[in-house]
Amino acid sequence: MVDHISRKQVEAWLDKKVVQDVEQVSENESEFNVQFRLSRLPMHVIKEETWGPLRLVGKSGFDTDRTVAIIEDDDRRRELLAQIGPVLAATPGFYTFLDAEGTVCEFANVRSIQFEHRLYPDGASQHALMRGLMALATAMRYVQNAVAEVRGDEHGRGVSTEGTTDPEARDDTEADPDADA
């Protein structure tokens with residue numbers, strides 16, 4: 001049984017065959033924040049207190065004009081929510097709809113969805129960490145694909161994944177280059 005999980009332990013548990021670009025993000029308010037990419041999706045493992053849980057966090061952003069148009073159209077928004085709702089409910093942990101300022105909101109005003117799963121010290125292990133991260137990444141990718149389907153975009157773009165500590169940051173590799181077309 002593990003009582004205290006260090007940054008070094010988290011980094012040792014990350015499966016280097018599926019996780020890339022591991023780096024420490026400096027934050028004054030947390031003990032550590034390890035940022036990395038899993039399947040090109042930026043994710044974080046954050047520990048706020050020495051004896052507290054590990055927060056596994058990922059965020060999918062609705063940041064193109066064409067994607068925002070889905071959210072603003074009542075019928076298409078309902079269609080999207082019907083598609084992603086079961087995945088949101090089945091993903092371990094919880095999700096939060098955030099508006100453009102990063103404030104909790106209703107789905108009608110969503111600009112990103114933050115996924116979070118917590119691992120407490122008495123249940124933390126490499127298996128639990130990687131299982132949780134992969135489940136969040138699967139949900140994030142599903143949301144991207146559902147938005148692409150509702151948009152009719154065969155390339156699966158239009159939903160970005162953004163870092164959890166900076167609501168202004170974007171993963172431009174996922175942005176739609178034809179967003180205004």
Side-chain angles (χ1 to χ4, degrees), residues 18-21 25 33 35-46 48 53-119 128-181:
V18 295
V19 171
Q20 303 83 35
D21 304 326
V25 178
N33 181 344
Q35 179 178 319
F36 50 91
R37 292 190 176 276
L38 192 155
S39 185
R40 296 186 344 208
L41 300 169
M43 301 187 80
H44 295 256
V45 175
I46 302 167
E48 294 171 341
L54 297 176
R55 294 178 53 222
L56 316 182
V57 183
K59 190 183 293 186
S60 292
F62 300 90
D63 64 347
T64 67
D65 291 341
R66 288 173 52 198
T67 303
V68 170
I70 292 171
I71 302 302
E72 292 173 349
D73 179 289
D74 291 341
D75 291 334
R76 294 174 77 200
R77 183 178 62 246
R78 278 191 289 274
E79 177 186 352
L80 177 60
L81 188 56
Q83 284 191 22
I84 68 173
V87 170
L88 296 176
T91 301
F94 59 96
Y95 62 91
T96 306
F97 299 136
L98 302 172
D99 64 17
E101 287 78 42
T103 304
V104 176
C105 68
E106 298 296 320
F107 192 66
N109 300 313
V110 71
R111 289 302 178 267
S112 63
I113 302 174
Q114 180 170 300
F115 296 88
E116 182 170 335
H117 179 57
R118 293 182 179 221
L119 291 180
L129 177 71
M130 290 307 301
R131 184 174 170 194
L133 291 171
M134 289 186 189
L136 295 183
T138 298
M140 292 166 65
R141 188 65 74 202
Y142 184 88
V143 168
Q144 287 180 335
N145 292 338
V147 168
E149 183 178 322
V150 170
R151 283 182 45 187
D153 182 353
E154 68 278 4
H155 298 295
R157 297 184 181 189
V159 176
S160 76
T161 51
E162 49 184 272
T164 59
T165 58
D166 180 6
E168 304 301 318
R170 286 187 177 164
D171 175 11
D172 291 331
T173 62
E174 294 298 320
D176 187 351
D178 301 319
D180 296 321

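Among all heavy-atom pairs drawn from S60 and F115, the shortest one is OG-CE1, 4.2 Å. Scanning both residues, G61 and S112, for their nearest heavy atoms gives CA-CB, 3.7 Å. A82 and P86 get closest at one heavy-atom pair: O-CD, 3.3 Å. Scanning all heavy atoms of the two residues, the minimum distance from R40 to R37 falls at O-NH1, 3.1 Å. Of all the heavy atoms in P42 and M140, the pair that sits closest is O-CE, 4.0 Å.
In this structure, V143 and V87 have side chains that are not in contact, with every pair of non-hydrogen atoms separated by 4.5 Å or more. At least one side-chain heavy atom of R141 sits under 4.5 Å from a side-chain heavy atom of L41.
We find the NZ-CG distance between K59 and L136 to be 13.5 Å, quoted to the nearest 0.5 Å. Interatomic distance, M43 CE to D21 CG, rounded to the nearest 0.5 Å: 14.0 Å. The line from OG1 of T91 to CD of E116 is 13.5 Å long, rounded to the nearest 0.5 Å. The distance from the CG atom of L119 to the CG atom of L129 is 6.0 Å, given to the nearest 0.5 Å.
Listed by chain and number, the residues in a side-chain contact (heavy atoms from CB on, under 4.5 Å) with A146 are L80, Q83, I84, Y142 (sequence neighbours excluded). Qualifying ring pair (Phe, Tyr, Trp, His ring centres under 6.0 Å) partners for F97, counting only residues two or more places apart in sequence or in other chains: Y95, F107. Under the side-chain contact (heavy atoms from CB on, under 4.5 Å) criterion, T138 pairs with no residue, sequence neighbours left out. In this view, E48 and R55 satisfy the side-chain hydrogen bond (donor to acceptor under 3.5 Å, both in side chains) rule, not counting sequence neighbours.
Partner of R111 under the side-chain contact (heavy atoms from CB on, under 4.5 Å) criterion, chosen from L98, T67, V68: V68.
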Q114 vs V57, side chain to side chain contact (heavy atoms under 4.5 Å, CB included): CA-CA, chis, key distance, verdict:
CA-CA 7 Å; Q114 180 170 300; V57 183; 3.8 Å; yes
Step by step, would you call L133 with V45 a side chain to side chain contact (heavy atoms under 4.5 Å, CB included)?
CA-CA 9 Å; L133 291 171; V45 175; 4.2 Å; yes
Let's go through I70 and V147 carefully: what are the C-alpha distance in whole Å and the side-chain angles of both, what is the deciding distance for side chain to side chain contact (heavy atoms under 4.5 Å, CB included) to 0.1 Å, and is it a yes or a no?
CA-CA 8 Å; I70 292 171; V147 168; 4.1 Å; yes
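The environment of R131 atom CZ is sparse: at most 12 non-hydrogen atoms of other residues, nucleotides or ligands sit within 6.0 angstrom.
Within the structure, the salt bridge (Lys or Arg N to Asp or Glu O under 4.0 Å) test picks out the following pairs touching residues 77-99 (sequence neighbours left out): D74-R77, D75-R78.
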